[in-house]
Amino acid sequence: MSFAAVFGIALALAMDAFAVTLGIGAALKRLTPSQSLRLAFSFGLFQFGMPLLGWAAGRSILPLIEAVDHWVAAGLLFLVGGRMIYDSFRSQETNRPGPQDPTRGLNLLLLAVATSIDALAVGLSLAMLSVPILYPALVIGAVAFAMTLVGARIGPVFGRLAGKRAALAGALVLFAIAVKILIDHL
């Protein structure tokens with residue numbers, strides 16, 4: 001498989017991580033270097049690992065995953081987006097600190113899984129085509145890492161423009177990605 005083909009696949013897979021990072025950056029209005037690196041490392045790692053997992057699973061699991069992958073990814077994005085909205089209203093009503101840091105803990109894990117489920121399907125597809133997986137997986141992970149860092153730099157600019165409702169804007173980005181995933185698979 002040519003580098004151009006692998007890079008094109010990697011770029012397409014990284015768009016979800018990029019968009020999610022834009023939303024997070026908008027919601028937080030500022031991402032520290034450690035938050036940016038946590039996001040980039042997590043998204044890159046999952047984008048690297050999921051094709052390996054999909055490739056290893058091969059054809060036997062493909063029918064099971066294809067039936068539900070889009071529902072799982074969309075559901076995780078709706079869950080995290082819903083929490084962002086809930087936290088934004090709760091913090092305004094009770095004068096509590098702002099929304100939880102989505103670059104840590106369970107939120108980060110859910111986002112990393114949700115943005116990399118398509119990479120699992122790509123790994124399955126590459127297994128059926130008998131394409132060796134390590135090189136494509138490395139490129140996919142590296143591109144996701146880089147695109148996440150770009151999103152982390154741009155997202156806070158959107159957050160400052162959105163003002164107090166930046167968490168809502170970030171949640172709407174997650175909802176839009178979830179809807180896109182559902183439309184693409186239905």
Side-chain angles (χ1 to χ4, degrees), residues 9-28 31 34-58 60-87 99-127 133 136-152 155 167 170-186:
I9 291 168
L11 198 55
L13 291 173
M15 285 294 120
D16 285 349
F18 173 75
V20 166
T21 305
L22 277 177
I24 291 170
L28 296 180
L31 285 170
S34 61
Q35 288 173 315
S36 298
L37 285 174
R38 269 196 306 274
L39 284 168
F41 178 77
S42 298
F43 290 171
L45 180 66
F46 273 76
Q47 290 280 358
F48 165 74
M50 288 296 223
L52 294 175
L53 183 62
W55 190 84
S60 62
I61 198 168
L62 181 62
L64 299 172
I65 291 173
E66 279 183 330
V68 298
D69 68 342
H70 53 286
W71 292 108
V72 171
L76 293 172
L77 290 171
F78 279 127
L79 178 69
V80 173
R83 283 188 64 172
M84 287 173 71
I85 290 172
Y86 174 77
D87 286 344
Q100 288 183 335
D101 183 358
T103 70
R104 293 186 178 274
L106 184 60
N107 282 337
L108 179 59
L109 178 63
L110 292 174
L111 290 171
V113 169
T115 59
S116 64
I117 287 179
D118 286 347
L120 181 74
V122 166
L124 287 165
S125 300
L126 293 178
I133 193 62
L138 286 169
V139 173
I140 289 167
V143 169
F145 182 90
M147 291 298 291
T148 301
L149 288 177
V150 170
L172 291 177
V173 169
L174 297 183
F175 288 165
I177 295 167
V179 169
K180 178 195 169 293
I181 288 170
L182 291 175
I183 289 171
D184 287 349
H185 285 87
L186 296 178

Item to check | Min side-chain heavy-atom separation Val122-Met50 under 4.5 Å | outcome: no
Next on the checklist: What's the separation between atom CG in Leu111 and atom CG in Asp16, rounded to the nearest 0.5 Å?
Outcome noted: 11.0 Å
Item to check | Heavy-atom closest pair, residues Leu120 and Gly54 | outcome: CD1-N, 3.3 Å
Checklist entry - Do Ser42 side-chain atoms and Leu39 backbone N/O form a donor-acceptor pair below 3.5 Å? => result no
Checklist entry - Would you say the side-chain atoms of Gln35 pair up with the backbone N or O of Pro102, donor to acceptor, closer than 3.5 Å? => result no
Checklist entry - Which residue pairs satisfy the salt bridge (Lys or Arg N to Asp or Glu O under 4.0 Å) criterion with at least one member in residues 36-54, sequence neighbours excluded? => result Arg38-Asp101
Checklist entry - How far apart are the closest heavy atoms of Ala144 and Ala14, and which atoms are they? => result CA-CB, 3.8 Å
Checklist outcome for this item: Separation between CD (Gln47) and CG (Leu52), nearest 0.5 Å, reads 11.5 Å
Checklist entry - Got a sec: does the CZ of Phe41 have more than 12 other heavy atoms crowding it under 6.0 Å? => result no
Checklist entry - Which atoms form the tightest heavy-atom contact between Leu31 and Ser36, and what is the distance? => result CB-OG, 3.6 Å
Checklist outcome for this item: To the nearest 0.5 Å, atom CG of Leu149 lies from atom CZ of Phe43 at 11.0 Å
Under 3.5 Å, which donor-acceptor pairs link side chains of residues 174-183 to any protein atom two or more places apart or in another chain?
unit_1, atom_1, unit_2, atom_2, d
Lys180, NZ, Asp184, OD2, 2.8

Checklist entry - Any side-chain heavy atom of Phe46 within less than 4.5 Å of one from Thr115? => result no
Item to check | Residue pair Pro136 / Leu126, side-chain heavy-atom distance below 4.5 Å | outcome: yes
Next on the checklist: If I take atom CZ from residue Phe48 and atom CD1 from residue Ile140, how far apart are they, to the nearest 0.5 angstrom?
Outcome noted: 10.0 Å
Item to check | From Ile133 atom CD1 to Leu138 atom CG, the distance as rounded to the nearest 0.5 Å | outcome: 9.5 Å
Item to check | Heavy-atom pair with the smallest gap, counting every atom of Gly151 and Thr21 | outcome: C-CG2, 3.6 Å
